[in-house]
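Below is one structure, written out as structure tokens; comments come after it.
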Amino acid sequence: MVGSKEKSKEKRDKRLQEISLLRTIPYSDHQRWWTSETVAVVTGANRGIGFEMVRQLAGHGLTVILTSRDENVGVEAAKILQEGGFNVDFHRLDILDSSSIQEFCKWIKEKYGLIDVLINNAGVNYNVGSDNSVEFSHMVISTNYYGTKNIIKAMIPLMRHASQGARIVNVTSRLGRLKGRHSKLENEAVRAKLMDVDSLTEEIVDKTVSEFLKQVEEGTWESGGWPHSFTDYSVSKMAVNAYTRVLARELSERPEGEKIYANCFCPGWVKTAMTGYAGNISAEDGADTGVWLALLPDQAITGKFFAERREINF
Ligand code: NDP
């Protein structure tokens, strides 16, 4: 008898095969809204999924800014792609450091003027395997949620007004889902609040993560109904998912020609440093949906969650 694990492995492998086939089909001139002047920024791109997204976007002919919090490591990573003939530039960016964000924005303004695509990939996770420590909760929430939000807010004024719209892509995770097989959230009040997209606000998302951090501090989080695996990381990605919906709704009020589309995606369980290289797919496959989203010819899609190039539920 084939177990459910085998079945989902079969399904995943089949979808990955379909996607690798899709990747071989070049974009037509009609679909290709970008040129070599189109600028994409990827955060945390010195390694892993971020590095792969830079490589793939540059392979499609965009100018890509590889950013990294460590200058030397970032320069080396960019050099690998530059030597491969890719149009890749480098600048330091630590999304936890407001002066680094300011310095980066100043540099972008002076060197490029505006950008077209922002991919928020930088993130941390301190849980190893099924170990579930909340020891680093503050760092995880600060980086994955607040850091992502801060760089988005700083970059929005630098996003180009164009008929095809500018794009924000947030790298999140199925671990942050509110419903479904992978959701381990047991707190019904939190679920109800974050599911109600019409009344969802940034303040509600902030309050949710603050409540979680307060319970961690008080030592009461275990009875708080938070996800039981990768708890702090799952809460951080849940918050970014929710914020993506709020952001998309706010940005959709902008006039035609000034639109910015914001979506998020789960790359799958990827063989990178974050998983101790224990994932089941390569960084190349993990990066695919993010690149596909950034380049979507149909620009009207916003506020959605994707995996393997398909929309999934939050
Ligand atoms: P890596 O650990 O390989 O990459 C994470 C990147 O984020 C590194 O470049 C890291 O820099 C950078 N980073 C961390 N903190 C900051 C910061 N304050 N400022 C700027 N950059 C920072 O992991 P992945 O490639 O796997 O992860 C990429 C994204 O994908 C993350 O958001 C992760 O949560 C998400 N994801 C990954 C999954 C997986 O299975 N791997 C599954 C689901 C989501 P440094 O090298 O200096 O540490």
Side-chain angles (χ1 to χ4, degrees), residues 12 16 41-56 65-78 80 90-104 118-130 136 138-152 154-155 168-177 182 227 229-241 243-244 264-291 293 305-308 312:
R12 187 181 61 239
L16 286 175
V41 169
V42 184
T43 68
N46 50 287
R47 67 182 193 197
I49 300 166
F51 178 81
E52 255 306 310
M53 285 194 281
V54 172
R55 194 181 69 80
Q56 292 182 25
I65 320 297
L66 183 156
T67 69
S68 161
R69 59 179 162 175
D70 182 313
E71 176 107 27
N72 295 332
V73 172
V75 165
E76 283 308 309
I80 294 170
F90 169 78
H91 199 277
R92 184 176 175 274
L93 174 63
D94 181 341
I95 61 163
L96 269 181
D97 176 359
S98 59
S99 60
S100 169
I101 293 181
Q102 269 176 28
E103 159 63 25
F104 177 68
L118 171 65
I119 300 194
N120 294 298
N121 166 79
V124 290
N125 165 44
Y126 296 93
N127 297 298
V128 182
S130 53
F136 300 102
H138 264 284
M139 184 54 115
V140 172
I141 300 285
S142 299
T143 307
N144 298 3
Y145 176 55
Y146 288 108
T148 298
K149 218 163 68 151
N150 289 344
I151 185 67
I152 290 173
M155 294 305 285
I168 296 173
V169 176
N170 294 329
V171 187
T172 69
S173 170
R174 285 180 177 94
L175 287 170
R177 279 176 104 173
H182 294 274
S229 49
F230 299 96
T231 304
D232 49 12
Y233 178 78
S234 302
V235 172
S236 74
K237 295 298 186 179
M238 193 183 286
V240 183
N241 281 347
Y243 178 65
T244 306
C264 49
F265 81 102
C266 174
W269 191 37
V270 189
K271 290 181 207 288
T272 63
M274 186 172 282
T275 58
Y277 300 92
N280 50 27
I281 61 168
S282 64
E284 188 181 343
D285 286 334
D288 175 82
T289 300
V291 172
L293 264 177
F305 189 19
F306 292 86
E308 289 92 35
I312 59 171

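Just follow the structure's listing: the first ligand is 1, and inside any ligand the first atom is 1.
Residues lining ligand 1 at a heavy-atom distance below 4.0 Å are given as G44, N46, R47, G48, I49, R69, L93, D94, I95, L96, N121, A122, G123, V124, T143, V171, T172, S173, Y233, K237, P267, G268, W269, V270, T272, A273, M274, T275, ordered by chain and residue number.
Checked against side chain to side chain contact (heavy atoms under 4.5 Å, CB included), S98 has no partners two or more places apart in sequence or in another chain.
The ring-ring contact (aromatic ring centres under 6.0 Å, His included) test with Y126 singles out one residue from F230, Y233, F136, and that residue is F136.
Under the 30°/60° scheme for interplanar angles, the aromatic rings of F104 and H91 are found to be tilted.
Using a 3.5 Å distance cut-off with no hydrogens or angles, the side chains of T244 and N170 do pair a donor with an acceptor. Side-chain polar atoms of N241 and T172 form a donor-acceptor pair below 3.5 angstrom.
Between the N120 side chain and the I168 main chain, no donor and acceptor come within less than 3.5 Å of each other.
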